[in-house]
Amino acid sequence: MESLIGVLVGAPLLGAAVLLCGGKALDRAGHWLGTLLAAASFVVGAVLFFGMLGRAGDDRAMHSHLWSWIPVDGFRADVAFQLDQLSMTFVLLITGVGTLIHVYSIGYMEHDERRRRFFGYLNLFLAAMLLLVLADNFLLLYVGWEGVGLASYLLIGFWQHKPSAATAAKKAFLVNRVGDAGLAIAIFLMFTTFGSFAFAPVLANAGDASEGKLTAIGLMLLLAACGKSAQVPLQSWLGDAMEGPTPVSALIHAATMVTAGVYLITRSGAIFNGAPDAQLAVVVVGAVTLLFGAIVGCAKDDIKKALAGSTMSQIGYMILAAGLGPVGYAFAIMHLVTHGFFKAGLFLGAGSVMHGMNDEVDMRRYGGLRKYMPVTFVTFGLGYLAIIGFPGLSGFFSKDQIIEAAFGKGGTQGWILGGVALLGAAITAYYMTRVMIMTFFGEERWRTERTPSPDRPDVEPAASVRGEHAEPHPHESPGVMTIPMIVLAIGSVAAGAVFKLGDSFVNWLEPVTQFEHGHPPVSATVVTTATIVALVIGVGAAWLQYGRRPVPAVAPRGNLLTRAARRDLLQDDFNHAVLVTGGTHLTRSLVYTDNKVVDGAVNGTAAAFGGLSGRLRRVQNGFARTYAVSMFGGAAVLIAATLLMRAV
Amino acid sequence: MSALVAAGGVPGLWTLADGQKLQAPDIEYGKLSPTLIVLGAAAVGVVLEAFLPRRSRHVAQVFLALLGLAAAFAAVVGLAASGAGSTKAQIAGMGALAVDGPALFLQGTILLVGIVGVITFAERRLEPRAHGAPVDSFAAQPASVPGGEGEQMAVKAGWTTSEVFPLLLFAVGGMLLFPAANDLLLLFIALEVFSLPLYLLCALARRRRLLSQEAAVKYFLLGAFSSAFLLFGTALLYGYAGTVSYSGIARVVSGADATTDPVLAQTTGNDALLLIGGALVVMGLLFKVGAVPFHMWTPDVYQGAPTPVTGFMAAATKVAAFGALLRLLYVVLPGLRWDWRPVMWGVAILTMLAGAVVAITQTDIKRLLAYSSIAHAGFLLVGTIATSKDGISSVLFYLGAYSFVTLGAFSVVTLVRDAGGEATHLSKWAGLGRRSPLLAGVFAVFLLAFAGIPLTSGFAGKFAVFKAAAEGGAGALVVVGVIASAIAAFFYLRVIVLMFFSEPRADGPSVAVPSVLTSSAIAVGVVVTIVLGVAPQYFLELAGHAGVFVR
């Protein structure tokens, strides 16, 4: 059994190697090979899962030591895997959703001449992500962490001929470097504190380390999580990452990679449990991002960017839950899994809509599409109901529990966190309803032309006006795309109930993450009722604004908050003002110092030697007599010096 | 002789007294075969010169020289393989010669340098053909007056000086003896045997003959002066110890040998004689390695000599002279370590700094390389001063690395030409990298190796000598060495910048297309430079095994 763990990573890695190194000969079958290997990985994962179910709770973790990577005295780095319940959950999510998205991509990327490369990158991503969740030490986890970053970079910039895509890829890479530096420092600190970075010794001895050190490690891990999971203040890359092909947005920037931060914090639970200050920082980050992403999601007209805001917000929920400690770890992961289903489904639905609409992403150019794309409409609708937390669907169970746990934090903190989570639920319902209405209901706005008006010169003309495409003819996507959407919709509907039934998910994870019952100040029924009320308020507000009135084809100017939210709550302006301007000033002053002080010293030294050289050169006058005299004088001095040495 | 006279009645000069037999000297021909082969080939070369028609001499001489050197090298390898360098190291030739690790290592290096030297000497594709005959870098008729009628006739007849090959072989023969000499008299003879052919070779340039002849005369005058130092020092040491053999002197220095020749009773054990004599002998050798203040001949001679000769001389002389210096300091004078070390410190520091500093303002590539060689002599002295086994082996390694870089660099210089022959003025090298990226790239590799940049042999060698010196307690010297390296890096990199980042001159030189000979000499230089830089371990170990002198 243990040896199968390596196959999980090996299959997609092999696919990546073959597809990326293989030549054009693979163009015709490459996508099938990639999909097959992803599916193989899923099958192996399923076999391991059922094997695991056959064992008792504490006996389920498996270890597989492949080889010693850096065996040096006093320093051990192994390539070794650990498959426990937490990893297993991720393995099934990654390979399952991953396989579905591979299948979907066969249709979505059909007309792209670089499809083989695309599947190579997808397989590379799967391998790296599986390495990340299967590693049994933080160093190997870091390898996977960087690997997914690389895959993400390559896939965001997949359409590199578009400057916007190339820039977005670069932005994602740079912002992630900040987080990666945090993870690296955290690993350094672990090594100095515990003398190791394998999970077992670090987590087992976390209780013995001082709180200061644990807090430092925790904060660095949080920085890493912020980068990878697009949490405030490192959130700015996710919206731009939507430049990548939509299957990438679904797999990497919604379902799996961006949740790596949640995995990291949950996996390092023992460290955070001993560092309350770091935990507080985690919940604050989660709560802030939860609102930040939701507000941004409300203002975006680009369907993918609206969903990206939503992703940010939902991961905020997970981070918030993970910051609550053993009370929340299981709920964070549970929401992560259900979110993986419905958000991947929503993105695939969005991709299907774009596929039928000539790659138009502006929802103000949609409308009334339910007639033309019934399957997309139904699957998207089920995902929509799941994310807003419609009672009985998966989002309802997972989100409700997080809100409950947030209230259970106790005291003022509990009220604030609970209130934020509840408010977030209302806003979620609002912006998702807005997306739903603008896309599938109302007038068929794509039929009307749109040109930049003097009032809004910043509006881009529609694709058809730009002359790039003819007027769209909305149509349903082929089966290879709709089937994955249907499967994911089923997951979105049922996963929550299955997990909730008899607390099966919490019990499953408990041996790894521990579990404590929270103590909310009000009863669970009250919290659930409040959640449903928030949901109704959100849906109602959106319906009043977008369902009752026609949606303007050109966005109105909007109030200050709307305009700020459209600009991602000024995140780029902030980064520009603080980091770019500040950095420019810093480099300018350094350059000035370098020019005047450092170069001055260097040039002065060089000039001094040059002058000395010019003088010494004159001694070499070309006369043999002078040379002979110099030899004679030198000989005299050397003999005198030798005799002097003896004398003293 | 006096013993013979005393024993018999009145024997003549060529007769022996009754019943006396002349003891035949016991010569280990096998152990001395490398030197004997080379000198034998040189003698055959002289005969060829006398009897072969002029047309066929070039090919025959080149063939003979390569054959002789290769056979000698094979003999060295055979001796080393049979353990003569390590377990069976011994003093041979009636105590005059040492056959041990350092001697064999250096002889092998000198022979390889000699082979590459012959290859560069033999190049006949660079000079324009003189009246239909291919000519090399050497004068048509060296005895003719430069610019005179005789010269014109010789050029017209298509003559070349094929005597350079026997001369080179004689020089190599002397150089093989030099680091193996275990006796001050043999040391002196070896010095003269290799110096005299070099003086001649320096005077043989085909172009700029006056400069060449001036260089040869200067080299000869100053070389004779330094030989006088060496000889005087030898006399003083004989006065001190009553013997000229290294081991004999060493025994007297250490006080192990108390028997004194009654004739020398007054002088034996006189420390002033020892110190002054030792210093004078060392100075004779410092002249050959080009250490300050005995360096002033170097730039003039390097510039004036035909460039293939400069390359050969710069590489091989340094190897031979450092070998002799090492043996003298480690075998004869170890007991005086506390006397000569401080003085050698001073010499090393002056040599490194003066070489590096004066090179900065040089405008001629050959003079630049000459000052560079002075700075490198300083670095080698740093390793010499370490007085440890690592010191010896690091110097051996450095010599091997340095000599191939030098040969390669001077070979490149022969290729950059304009109407007046080699274009050695640096300003003409501007923008060479744009015209001939390959050649400029190769030269850049050599310059980086001279500068001691990692992944080149220069780095490995410099690291080895500095490490040995630092472990030998000469940390301050290493600091000066690193500073001098930094200064030296400036002028090496300046040439690279000049070649690659300057606009080419309209009247700039062209790069001649060499025959396979010079190409292979340059290729050997590049390969050795890179291999010793990337994977120096095997060669460091080889030098390490060779690092013990027999006493």
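In what follows, chains are A, B, ... by sequence order, proteins preceding strands, each numbered from 1.
The two residues S613(A) and T361(B) have their closest heavy-atom pair at OG-OG1, 2.5 Å. When all heavy atoms of S630(A) and P293(B) are compared, the closest pair comes out as OG-O, 3.3 Å. Pairing each heavy atom of A624(A) with each of L221(B), the nearest pair is CB-CD1, 4.4 Å.
Among I487(B), D339(B), V282(B), the residue with the largest count of heavy-atom pairs under 4.5 Å with chain A is D339(B). By number of non-hydrogen pairs under 4.5 angstrom with chain A, the leading residue of W340(B), F229(B), W338(B) is F229(B). In terms of heavy-atom pairs under 4.5 Å with chain B, the best-connected choice from I639(A), T626(A), V637(A) is I639(A). Note: D271(B) leads V292(B), D271(B), L350(B) in heavy-atom pairs under 4.5 Å with chain A. The choice from A628(A), G633(A), A606(A), G610(A) that makes the most heavy-atom pairs within less than 4.5 Å of chain B is A628(A).
Side chain of T642(A) to main chain of V343(B): no donor-acceptor pair is present (N/O by atom type, distance under 3.5 Å, no hydrogens or angles).
For L280(B), the part sitting under 4.5 Å from any heavy atom of chain A is the side chain, from C-beta outward, and nothing else. With a threshold of 4.5 angstrom between heavy atoms, V347(B) approaches chain A through side-chain atoms but not through N, CA, C or O. At a 4.5 Å heavy-atom cutoff, the contact between V619(A) and chain B is made by backbone and side-chain atoms alike.
Interatomic distance, I276(B) CD1 to L643(A) CG, rounded to the nearest 0.5 Å: 5.0 Å. In this structure, CZ on F287(B) lies 5.0 Å from CE on M631(A), to the nearest 0.5 angstrom. From F490(B), atom CZ reaches atom OG1 of T605(A) across 11.5 Å, with rounding to the nearest 0.5 Å. Atom CG of L353(B) sits about 7.0 Å away from atom CZ of F609(A), to the nearest 0.5 Å. To the nearest 0.5 Å, the span separating CG on L612(A) from CD1 on I360(B) amounts to 8.0 Å.
Open room surrounds NE2 on H576(A); 12 or fewer heavy atoms of other groups in view lie less than 6.0 Å from it. Applying the 6.0 Å contact sphere to CZ of F220(B) captures no more than 12 heavy atoms from other residues, nucleotides or ligands. The environment of CZ in F191(A) is crowded: more than 12 heavy-atom neighbours from other residues, nucleotides or ligands sit within 6.0 Å. Applying the 6.0 Å contact sphere to CZ of F75(A) captures more than 12 heavy atoms from other residues, nucleotides or ligands. In this structure, R341(B) places its CZ atom where more than 12 heavy-atom neighbours from other residues, nucleotides or ligands lie under 6.0 Å away. Heavy-atom contacts from other residues, nucleotides or ligands closer than 6.0 Å to CZ of R177(A) number more than 12. Annotation for R117(A): atom CZ does not count as buried by contact number, only 12 or fewer foreign heavy atoms lying within 6.0 Å.
In this structure the side chain of M296(B) reaches within 4.5 angstrom of the side chain of Q620(A), judged on heavy atoms. No side-chain heavy atom of L275(B) sits under 4.5 Å from any side-chain heavy atom of M645(A).
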